[in-house]
Amino acid sequence: MGQFNFIKCNIEGLYLIEPKCFEDSRGYFMETYNYQDFEAAGLNQVFVQDNQSKSIKGVLRGLHYQKKHPQGKLVRVLKGKVFDVAVDLRPGSKTYGKWYGEILSEENKRQLYVPVGFAHGFLVLSDEAEFAYKCTDFYHPEDEGGIIWNDPDLDITWPIEDGMDLTISEKDKEQIRFCELDNEK
Ligand SMILES: Cc1cn([C@H]2C[C@H](O)[C@@H](COP(=O)(O)OP(=O)(O)O[C@H]3O[C@H](C)C(=O)[C@H](O)[C@H]3O)O2)c(=O)[nH]c1=O
């Protein structure tokens, strides 16, 4: 117990999590998830699916969400460094349309808990990044939604370095504008 530092972000329900890391001459050990610690912090969600993806520098995945089967996500970086973004899409939220960004890396070992009702995405800043996350609901491809990464209303400050080539899937190039969201319902 007590192996995590939970930091409430400036958007209700979003948490930055710092695991305790035990370093020794062999390397390190850390618990990356513990139901008891998370429940004690008010994060008693049950995760049903783990995902992992690998991306090269400049890959931008997102901004994704599921409509009828929204997923809470506990995200972290195994290798490399990403700028991770969550956007509040919860109807009636006082921070509706507000985004939160955080550097998650192999180095800082930080995790982000993104509650249901958010769109999620990330930009890879290192040569390669391996990204792992736990989800509170299953993948429903037919239920997927997405907002274009550079939506002018969201105005996300992606840390795109000079000369960085962005790699974005065809699907993500055609995502809708934030202002079109209501028409989706
Ligand atoms: C998400 C997902 C995908 N897939 C299959 C479907 C495709 O054949 C292939 C790649 O899918 P996609 O291009 O949607 O992968 P990402 O762009 O990394 O999508 C994810 O990116 C952002 C960052 C997210 O937060 C979501 O978890 C998720 O939407 O994996 C599955 O079989 N199961 C899954 O749960």
Side-chain angles (χ1 to χ4, degrees), residues 9 11-17 32-33 38 43 45-90 93 95-106 108-151 154-160 164-178 180-181 184:
C9 302
I11 297 180
E12 181 65 34
L14 211 52
Y15 285 82
L16 192 57
I17 299 141
T32 53
Y33 173 70
F38 276 64
L43 296 175
Q45 292 78 4
V46 173
F47 297 99
V48 297
Q49 179 178 320
D50 281 8
N51 296 337
Q52 183 166 329
S53 64
K54 177 177 171 180
S55 310
I56 58 170
K57 186 166 192 167
V59 163
L60 196 155
R61 295 177 186 253
L63 297 158
H64 301 156
Y65 56 90
Q66 291 191 163
K67 302 167 193 169
K68 295 187 177 61
H69 305 275
Q71 296 168 305
K73 294 168 190 166
L74 180 61
V75 305
R76 66 193 180 101
V77 170
L78 304 175
K79 283 262 176 237
K81 181 165 80 168
V82 310
F83 181 71
D84 198 75
V85 172
V87 183
D88 189 353
L89 303 181
R90 296 171 298 189
S93 168
T95 48
Y96 181 73
K98 186 173 166 63
W99 63 273
Y100 178 85
E102 187 68 49
I103 296 279
L104 304 180
S105 71
E106 175 184 359
N108 72 22
K109 300 180 178 60
R110 286 179 146 187
Q111 303 181 21
L112 190 65
Y113 178 69
V114 182
V116 300
F118 281 68
H120 175 250
F122 63 87
L123 169 66
V124 177
L125 302 173
S126 49
D127 289 341
E128 278 188 349
E130 291 189 25
F131 192 84
Y133 51 114
K134 305 178 83 69
C135 303
T136 61
D137 202 342
F138 299 106
Y139 175 57
H140 288 268
E142 78 293 342
D143 187 39
E144 273 202 312
I147 299 171
I148 193 74
W149 64 277
N150 57 355
D151 185 273
L154 296 181
D155 194 24
I156 296 167
T157 316
W158 296 99
I160 299 169
M164 180 189 265
D165 292 329
L166 287 184
T167 302
I168 298 171
S169 69
E170 288 311 309
K171 176 183 78 171
D172 285 349
K173 285 175 184 167
E174 289 147 23
Q175 300 291 9
I176 64 167
R177 285 276 310 274
F178 174 65
E180 296 174 80
L181 258 189
E184 261 211 326

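As a basis for the values below, the full set of heavy atoms in this structure was taken, side chains included, without hydrogen atoms, waters or symmetry mates. Counting starts at 1 for both ligands and their atoms, following the listed order.
Looking at residues two or more places apart in sequence or on another chain, you find a ring pair (Phe, Tyr, Trp, His ring centres under 6.0 Å) between F47 and Y33.
Close placement of the Y96 and F178 rings is indicated, their centers lying within 6.0 Å of each other.
In this structure, I147 and Y65 have side chains that are in contact, with non-hydrogen atoms separated by less than 4.5 Å. By the 4.5 Å heavy-atom criterion applied to side chains, L125 and F83 are counted as neighbours.
For the salt bridge (Lys or Arg N to Asp or Glu O under 4.0 Å) test with E128, the passing option among K54, K81, K57 is K54; the others fail.
Within 4.0 Å of ligand 1, counting heavy atoms only, the contacting residues are Q49, N51, R61, H64, K73, H120, F122, Y133, Y139, E144, K171.
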For the pair N51 and Q49, evaluate side chain to side chain donor-acceptor pair (under 3.5 Å) and give the outcome as yes or no after the intermediate values.
-> CA-CA 7 Å; N51 296 337; Q49 179 178 320; 2.8 Å; yes
